[in-house]
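Ligands are counted one by one from 1 in listed order, and the atoms in each one are counted from 1 as well.
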Amino acid sequence: MSSVHILGIESSCDETGAAVVRSGEQVVSNVVFSQIATHQPYGGVVPELASREHLRAIVPVVRKALADAGQSYQSLDALAVTQGPGLAGALLVGISYAKALGFALDKPLIAVNHLEGHIHAVLLEERQKGHHEVGFPVLALVVSGGHTHLYLAEQKGQGWSYQNVGHTRDDAAGEAFDKVAKLLGLGYPGGPIIDRLSTHGDSDKVKFPPLQIKHRDRKDRDQPQEERPRFDFSYSGIKTAALRYVETHKMQEHIEARRKALAAIVRPKLEDHVRLCDRDTLDLVASFQRAMVEDLVSKTLAAARAYDVATLFVTGGVAANNELRQRFERDAAMEGLPVFFPSRSLSTDNAAMIAAAAYPKFLAGDFAPADFSAEAGLALKEA
Ligand code: KG4
Ligand code: ZN
């Protein structure tokens, strides 16, 4: 088949994205409008504000993606949009717009699971580099502000099939980064700030208890134990441990002063953060990141061994973390396991990954019915 141009649209959380991807392997354009400035004063994403901002951004973002790609609406082969999981109101903005556009242009519309998008971000970039052979099964860690999931992925005909072999029982890893950053008065989103500050602290200073799961899900208790081993995560305990550390080390006054000082700076830089952090804070930040990275890497590699996978993918916003990448590269190499990450711009939410994940569905003629809608809790379908 000659090249296929798919316009992807993403609006599941706080980023409005539109992108054109050629045949699932070449990013022709990729536009992301971030709402961080809108949500920053609240220290987290405010769903109503997210929907409003998507409404404002969607038309210009799509226009720019087409203009950057040198494409017209008519020259597209198909449209793809995130169906879920995500914030219902935010998802609906992208879906309503994509539906209207598809109807007006008489182009097929493909509904994409956001998590499948994150997984395809890795594949898209590998293909872009000319690397077409990926060994199966793949173990994919999708780690972001909303998710910490482990999927075993296999290729099935034109498409992919997925089996969930682990997920967080409480907070997602990115959420833990964001909450600890908020607790320390460092601003939002916390992941990138903690990432950069960590190199300034001593990661051995604060000992966090092992991040173990204390209770089985009620849902699981009522069901017979599954045969296949699971590798679940839990990140609410580490947040409480950080809070306790702050209290016992009487850090509150210092934190309040930092919060105020940072709020007064329009775009705080790393130097501002470093200047406003004492040794205790820097050590806590570095130790927190070390504990998170060790838990994510050790559980993922244990799952990789248990399922004897051929390849590891690490994707989602937290996959942008420097220490996480280095640790995965080092430890996976010791086990002879190839590990792939998207570049940082395709790690966080974007529409190129949605257009890429839509390509096998386009080839299979898997188009969305006219009455499909947003699904805030959409699961990645099992084989
Ligand atoms: O994938 P994403 O853009 O949105 C969701 O689907 O959630 O991920 C955003 C999350 C936020 O929690 C943010 O703090 C985290 O990814 N994040 C990071 C880094 N960059 C973004 N966490 C750790 N280190 C980073 N460098
Ligand atoms: Zn995401």
Side-chain angles (χ1 to χ4, degrees), residues 8-17 19 30 32-36 39-40 43-45 47 50 54 82-87 90-91 94 112-122 140-149 151 167-168 171-184 186-199 233 235 238-239 270 273 285-286 288-297 313-328 341-354 356-357 376-378 380:
I9 295 175
E10 154 66 35
S11 69
S12 66
C13 191
D14 59 345
E15 254 106 29
T16 317
N30 186 23
V32 178
F33 173 77
S34 170
Q35 304 177 0
I36 284 178
H39 302 289
Q40 218 146 29
V45 178
H54 284 306
T82 307
Q83 182 178 15
L87 302 168
L91 288 162
V112 174
N113 183 303
H114 181 82
L115 301 172
E116 189 170 20
H118 276 301
I119 293 171
H120 278 259
V122 183
L141 171 67
V142 184
V143 60
S144 69
H147 316 279
T148 308
H149 286 304
Y151 290 104
H167 65 91
T168 178
D171 292 351
E175 198 178 347
F177 273 92
D178 294 339
K179 284 180 176 168
V180 167
K182 188 174 181 181
L183 166 74
L184 297 176
L186 292 169
Y188 175 84
I193 302 167
I194 289 182
D195 189 355
R196 282 177 283 143
L197 277 180
S198 282
T199 53
F233 306 89
Y235 295 122
I238 193 167
K239 181 190 65 192
L270 176 63
H273 280 102
V285 162
F288 161 77
Q289 178 169 290
R290 173 62 54 84
M292 292 295 293
V293 165
E294 274 178 358
D295 186 72
L296 285 164
V297 174
F313 283 9
V314 183
T315 184
V318 182
N321 186 273
N322 286 299
E323 190 177 348
L324 186 76
R325 283 176 179 242
Q326 283 159 12
R327 190 56 81 95
F328 260 121
F341 310 86
S343 61
R344 282 178 180 70
S345 66
L346 288 194
S347 292
T348 48
D349 288 350
N350 66 88
M353 67 186 197
I354 302 303
L378 185 66
L380 195 49

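Atom 10 (C) of ligand 1 has its closest protein heavy atom at Gly145 N, 3.3 Å. Protein heavy atom at the shortest distance from atom 22 (N) of ligand 1 is Gly191 CA, 3.3 Å. With respect to atom 26 (N) of ligand 1, the closest heavy atom belonging to the protein is Asp195 OD2, 2.8 Å. At the shortest separation from atom 3 (O) of ligand 1 among protein heavy atoms lies Asp349 N, 3.0 Å. For atom 21 (C) of ligand 1, the closest heavy atom belonging to the protein is Gly317 O, 3.4 Å.
Side-chain contact between Glu323 and Glu294 is absent, with no heavy atoms from C-beta onward closer than 4.5 Å. You'll find the side chain of Leu141 reaches within 4.5 Å of the side chain of Phe233, heavy atoms only. In this structure, Val293 and Gln326 have side chains that are not in contact, with every pair of non-hydrogen atoms separated by 4.5 Å or more. Ile36 is listed as a side-chain neighbour of Pro189, based on a closest heavy-atom distance under 4.5 Å. Looking at heavy atoms from C-beta onward, Phe313 lies out of side-chain contact with His118 at the 4.5 angstrom threshold. For the pair Leu270 and Leu197, the minimum side-chain heavy-atom distance is below 4.5 Å. Proximity of Thr82 to Asp349: side-chain heavy atoms (C-beta onward) are nowhere separated by under 4.5 Å. Taking 4.5 Å as the limit, some side-chain heavy atom of Pro85 sits within range of a side-chain heavy atom of Asn113.
When non-hydrogen atoms are compared, ligand 1 lies under 4.0 Å from the backbone of Asn321 as well as from its side chain. Under 4.0 angstrom from ligand 1, the non-hydrogen atoms of Asp178 all belong to its side chain.
Set against the non-hydrogen atoms of Thr348, the atoms of ligand 1 under 4.0 Å away are 3 (O). Set against the non-hydrogen atoms of Gly174, the atoms of ligand 1 under 4.0 Å away are 12 (O). Atoms of ligand 1 found under 4.0 Å from any heavy atom of His114 (numbered from 1 in listed order, with element): 6 (O). When each atom of ligand 1 is checked for a heavy atom of His118 under 4.0 Å away, the hits are 1 (O), 6 (O).
Applying the salt bridge (charged side-chain N to carboxylate O under 4.0 Å, His left out) test to Lys182 and every residue at least two apart in sequence or in another chain returns nothing. In terms of the salt bridge (charged side-chain N to carboxylate O under 4.0 Å, His left out) criterion, Glu15 has no residue partners (sequence neighbours excluded).
On a distance-only criterion, Gly146 and ligand 1 share at least one N/O pair closer than 3.5 Å. On a distance-only criterion, Pro189 and ligand 1 share no N/O pair closer than 3.5 Å.
Here side-chain hydrogen bond (donor to acceptor under 3.5 Å, both in side chains) pairs that include residues 186-197, with residues two or more places apart or in two chains, are Asp195-Asn322.
When atom types are taken as modelled, the side chain of Thr168 and the backbone of Thr148 share no donor-acceptor pair closer than 3.5 angstrom.
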Thr16/Gln35 under side chain to side chain contact (heavy atoms under 4.5 Å, CB included): CA gap, chis, key distance, verdict: CA-CA 8 Å; Thr16 317; Gln35 304 177 0; 3.9 Å; yes

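Inspection of the environment of the Zn ion (ligand 2) yields the following protein N, O or S atoms under 2.8 Å: His114 NE2, His118 NE2, Asp349 OD1.
In this structure, Pro192 has a heavy atom closer than 4.0 Å to ligand 1.
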